[in-house]
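What follows is a single structure, written as structure tokens, with notes after it.
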Amino acid sequence: MTRRGRQQRFCMNIFYQYEEVIAEIISGLKSRGALAEDLDAGGFSVEPPREDGHGDITSNVALVLAKRAKMAPRDLAGLLVPELTARDDIQAAEIAGPGFINMTLSPGVWQNIVTVILREGEDYGRKPKGSVPVNVEYVSANPTGPMHVGHCRGAVFGDALASLLESQGGDITREYYINDAGAQVDALARSAYLRYREALGEDIGEIPAGLYPGDYLKPVGADLAKIHGAALLDRDEAEWLPVVREAAIAAMMADIKSDLAAVNIRHDVFFSERSLGDGEGSRIEHAIEELRTRGFVYEGHLEPPKGKLPDDWEDREQLLFRSTEFGDDGDRALRKSDGSHTYFAADIAYHLDKYSRGFEKMIDVWGADHSGYIKRVKAAVAALTDQKAELDVKICQLVRLFRAGEPVKMSKRAGDFVTLRELVDEVGADPVRFMMLYRKNDAPLDFDFVKVTEKSRDNPVFYVQYAHARAHSVFRNMNEIFSDMDVAGDEVAMADLSVLDDPGELDILKRLAQYPGMLEGAAKAHEPHRLAFYLYELAADLHSQWNRGKESPQLRFIREDDRDLTAARMALVSGTAEILASGLKILGVTAPEEMR
RNA sequence: GGCCCCGUAGCUCAGUUGGAUAGAGCAUCAGAUUCCUAAUCUGAGGGUCAGAGGUUCGAAUCCUCUCGGGGUCACCA
């Protein structure tokens with residue numbers, strides 16, 4: 001981390017503040033000749049200790065610099081410790097293990113966290129909006145039917161990731177790629193056409209294999225009948241198909257947007273694959289030309305696929321992208337045997353379009369079945385942008401549905417898959433969103449309809465929301481006793497916090513201090529689940545302290561006999577509620593003020 | 001067969017990008033209710049981080065191999 005980088009950061013993160021303290025001590029030692037003037041002092045960190053008993057904050061500075069300074073780590077630490085302990089804000093600093101420096105801070109440092117949170121409010125831990133545009137593409141479900149639970153996880157993940165990046169200063173565009181070209185939407189159009197004839201009174205019998213049998217196309221057929229009457233009946237398919245297709249896609253996209261709205265997801269840009277065109281002069285041809293000028297396109301033969309050979313495999317010469325140049329396993333076809341472009345070719349053009357719109361950072365969120373597709377798209381982005389753009393592809397693994405421990409059977413062919421809408425209608429948006437995020441994206445996830453609505457510690461959604469509600473319950477009860485004390489007012493904000501010295505209170509304070517660094521790390525790693533886990537831990541800290549007040553009445557947040565102490569504790573509880581609400585907001589989950 | 005993901009307590013999972021004696025919840029056992037919401041909390045037991053090598057001050061984490069589970073594998077979208 002450069003010096004400039006440190007200064008540009010908000011100084012809310014106390015771990016960075018102490019990195020700075022150590023950096024200053026090192027330059028002091030240099031100027032006094034205790035350390036070499038040209039010693040590179042970068043690369044160390046100050047972090048919360050992993051275990052109790054290792055102080056409040058810990059640094060690996062001596063371990064990181066030892067080799068460069070040609071000193072034993074513990075000796076180097078020995079130079080730093082006296083300087084650290086000389087400070088008022090550091091109660092103790094000791095050398096531990098191979099050369100860690102464990103510091104115990106004076107309680108005032110922690111108590112001050114609350115003052116900062118109450119001042120910054122929702123901005124605590126956030127960074128001001130920066131100028132780096134980031135494109136997050138997620139959902140991108142085919143417009144051939146309603147959203148089902150398989151889409152849901154990626155949708156929630158992408159949305160929360162976008163919000164998380166936004167909280168760290170990203171200039172985020174949320175984007176949906178509509179696969180409205182190709183055979184699937186033609187099949188959709190033919191299915192809708194059948195429903196159209198049905199709406200005009202014809203008995204259409206069974207929906208043929210290869211078409212979409214779901215009832216959800218019936219309204220589309222009815223609308224077509226209303227608008228066109230019998231006018232489309234006696235035409236050739238070439239005439240009615242574009243008309244029906246457009247109507248069907250529009251209807252499906254309207255359904256999808258409304259399904260997404262049910263889980264509070266919205267996109268800034270809906271990008272149509274069809275708009276990329278086809279054939280001469282299209283953006284797809286342009287993208288292929290861009291690759292060709294860079295020497296990554298050639299006519300050639302592909303190796304037969306490994307494993308069992310498809311029945312209709314034929315060796316042929318075709319237009320290929322040299323993706324092996326960028327680490328892919330094989331070169332990839334750009335044109336099909338009928339001369340039209342492949343889906344991949346369209347995707348290349350799409351990503352080139354993103355780049356030309358100014359996005360040098362792109363994130364795609366895909367389902368698990370697309371993992372084999374990552375390398376070729378990354379290869380294409382690298383090739384087209386001369387490696388200037390970075391694309392991160394996040395894969396969301398499958399969601400397995402359970403009901404009270406029993407697997408929920410689904411058959412997509414029979415059309416009885418569980419839709420996103422059914423899921424949300426039954427359990428609500430909050431549990432859906434939180435549970436989809438309470439797991440790493442690349443691990444499979446079990447979702448139990450019954451468990452997620454349980455009111456118990458076993459259900460993390462409830463547990464976190466309850467902590468927030470409990471805080472507000474405390475405020476209400478406080479006003480029963482001190483009717484003129486305003487939790488949001490100056491008396492609380494300016495309260496003397498030095499009385500917050502109970503170990504349980506300090507635990508909460510230390511957890512609050514971790515919030516900015518946790519957010520930054522989660523955003524950098526593109527891992528919103530870290531925030532969900534953090535909120536669970538913060539909720540546990542608050543519940544825990546609340547309960548200590550049962551055994552030890554002097555620890556209760558509300559102390560009828562001590563107005564000043566009550567004000568200080570209101571500040572603590574208020575700061576905690578603020579962070580719970582702020583974090584939940586990033587995850588897109590509500591923070592209720594009471595549970596019922 | 002190739003590629004990708006996963007393998008951590010009986011179960012479900014974290015592990016802050018290489019840090020110290022590996023952590024939560026559930027389940028089990030023992031406790032807390034005149035009391036700010038017991039919808040919660042306190043404590044105990046439970047581990048060869050799948051296995052074997054390697055890299056270094058230091059590995060659950062990085063590299064190689066083996067075993068086991070899942071996904072995927074010309075032209076579809």
Side-chain angles (χ1 to χ4, degrees), chain A residues 45 47-51 53-54 58 60 63 66-67 72-73 96-100 102 140 142 144 179 181-185 273 301-310 312-316 318 328-330 332-333 335-338 340 342-344 346-347 367-375 395 397-398 438-440 442-446 451 454-460 462-463 466-467 469-470 473-478 480-481 514 517-518 520-522 524-525 527 529-530 533-534 536-537 540 543-551 553 556-560 566 569 573 594-595:
Chain A
S45 65
E47 291 177 354
R50 297 210 165 186
E51 287 176 56
H54 291 159
T58 182
N60 61 358
L63 291 158
K67 193 173 272 183
F100 291 100
N102 295 335
S140 300
N142 292 339
T144 54
N179 299 137
Q184 286 194 5
V185 284
E273 179 188 355
H301 293 256
L302 280 182
E303 296 278 314
K306 302 284 199 290
K308 63 178 177 200
L309 207 59
D312 54 350
W313 162 259
E314 51 173 318
D315 186 37
R316 66 181 182 89
Q318 55 193 333
D328 198 3
D329 317 313
R332 303 294 173 178
R335 260 198 267 282
K336 298 186 240 177
S337 47
D338 67 0
S340 64
T342 59
Y343 178 81
F344 176 51
D347 229 345
D369 52 341
H370 285 64
S371 58
Y373 198 71
I374 298 174
K375 281 185 180 176
I395 291 293
Q397 289 291 338
L398 300 174
Y438 197 66
R439 188 112 317 173
K440 270 185 308 208
D442 50 11
L445 181 151
D446 292 347
K451 198 171 258 186
E454 260 173 26
K455 299 183 171 181
S456 72
R457 177 159 195 170
D458 197 19
N459 176 8
F462 167 77
Y463 188 74
Y466 179 43
R470 175 170 262 178
S473 165
V474 167
F475 302 152
R476 288 189 292 270
N477 286 312
M478 182 277 290
E480 297 283 308
I481 293 156
Q514 289 174 19
M518 179 282 305
E520 184 182 87
K524 201 171 284 179
E527 290 183 351
H529 77 275
R530 290 193 201 177
F533 279 92
Y534 170 86
Y536 185 85
E537 286 164 0
H543 285 310
S544 184
Q545 188 63 12
W546 192 95
N547 274 276
R548 280 188 200 105
K550 291 188 167 299
E551 296 229 337
R556 288 184 198 166
F557 297 133
I558 303 166
R559 290 288 305 273
E560 287 188 48
T566 300
R569 289 181 176 167
V573 176
E594 56 183 324
M595 307 296 281

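A note on names: the letters A, B, ... follow the listed sequences, proteins ahead of strands, and every chain is numbered from 1.
Between A:R530 and B:U16 there is no side-chain polar atom (N or O) within less than 4.0 angstrom of OP1 or OP2. Side-chain N/O atoms of A:R457 include one lying less than 4.0 angstrom from OP1 or OP2 on B:C41. For A:R470, a side-chain nitrogen or oxygen approaches OP1 or OP2 of B:A38 to under 4.0 Å. Look at A:K440 and you'll find a side-chain N or O under 4.0 angstrom from OP1 or OP2 of B:G15. The side chain of A:T58 places no N or O atom within less than 4.0 Å of a non-bridging phosphate oxygen (OP1 or OP2) of B:G19. Taking only side-chain nitrogens and oxygens, A:H370 never comes nearer than 4.0 Å to OP1 or OP2 of B:C3. For A:Y373, no side-chain nitrogen or oxygen approaches OP1 or OP2 of B:G71 to under 4.0 Å. OP1 and OP2 of B:U17 both lie 4.0 Å or more from every side-chain N or O belonging to A:K524. Remark: A:S371 is not in phosphate contact with B:U72, judged by side-chain N or O atoms under 4.0 Å from OP1 or OP2. The shortest distance between the side-chain N/O atoms of A:K336 and the OP1/OP2 oxygens of B:A77 is below 4.0 Å. Listed pair A:N477 / B:U37 meets the phosphate criterion, a side-chain N or O lying under 4.0 Å from OP1 or OP2. Residue A:K550 has no polar side-chain atom (N or O) positioned under 4.0 Å from OP1 or OP2 of B:U40.
To the nearest whole angstrom, the two C1' atoms, one in B:U28 and one in B:U66, are 36 Å apart. Between the P atoms of B:A20 and B:C76, the separation comes to 49 Å (whole Å). Spacing of C1' atoms, B:G2 relative to B:U56, comes out at 33 Å, to the nearest Å. Between B:A22 and B:A9, the distance separating the two P atoms is 14 Å to the nearest Å. Separation of the C1' atoms belonging to B:U72 and B:G46 is 38 Å when rounded to the nearest angstrom.
Residue A:E480 is out of contact with every strand shown, counting any heavy-atom pair closer than 4.0 Å. Within the 4.0 angstrom heavy-atom criterion, base atoms lie near A:M595. Here A:G521 lies out of heavy-atom contact (under 4.0 Å) with every strand. Residue contacts for A:Y534: at a heavy-atom cut-off of 4.0 Å it reaches no nucleic acid atom on any strand shown. Among the heavy atoms of the strands lying under 4.0 Å from A:N102 is at least one base atom, whether or not backbone atoms are also near. Note on A:A540: nothing from the nucleic acid sits closer than 4.0 angstrom, heavy atoms only. Contacts of A:P98 with the nucleic acid, taken as non-hydrogen atoms under 4.0 Å apart, include base atoms. Among the heavy atoms of the strands lying under 4.0 Å from A:R439 are primed sugar atoms or P, OP1, OP2 only; no base atom is included. Contact annotation for A:P444: backbone-only contact, meaning every heavy-atom pair under 4.0 Å involves sugar-phosphate atoms and none involves a base.
Where A:V474 and A:Y438 meet RNA chain B, the nucleotide closest to each residue was compared, and A:Y438 sits on the side nearer the 5' end. Comparing A:H529 and A:S473 against RNA chain B, the residue whose closest nucleotide sits nearer the 5' end is A:H529.
Between A:F557 atom CZ and B:C36 atom P there is a gap of 13 Å when expressed in whole angstrom units. In this entry the distance linking CG of A:D369 with C1' of B:C5 reads 13 Å, nearest Å. A:E303 has its CD atom 15 Å from the C1' atom of B:C3, to the nearest Å. In this structure, the CG atom of A:D328 is 11 Å from the P atom of B:C4, given to the nearest Å. Taking atom CD of residue A:E527 and atom P of nucleotide B:U17, one finds them 11 Å apart after rounding to whole Å.
The closest side-chain heavy-atom distance from A:W546 to A:R470 is below 4.5 Å. Counting heavy atoms from C-beta on, the side chains of A:F100 and A:N60 come closer than 4.5 Å. Counting heavy atoms from C-beta on, the side chains of A:Y343 and A:N179 come closer than 4.5 Å. Side-chain atoms of A:V474 and A:I558, non-hydrogen and from C-beta on, do get closer than 4.5 Å to each other.
With values rounded to the nearest 0.5 angstrom, A:I395 atom CD1 is found 4.0 Å from A:I374 atom CD1.
One cannot find a donor-acceptor pair under 3.5 Å joining the base of B:A77 and the side-chain atoms of A:T144. Below the 3.5 angstrom threshold, one finds no donor paired with an acceptor across the side chain of A:N547 and the base of B:A38.
In this structure, A:F100 does not pack face-to-face on the six-membered ring of B:G19, missing the 5.5 Å centre cutoff or the 30° plane limit.
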Please determine whether side chain to side chain contact (heavy atoms under 4.5 Å, CB included) holds for the pair A:E594 and A:R476, giving the CA-CA distance in whole Å, both sets of side-chain angles, and the decisive distance to 0.1 Å.
CA-CA 10 Å; A:E594 56 183 324; A:R476 288 189 292 270; 3.7 Å; yes
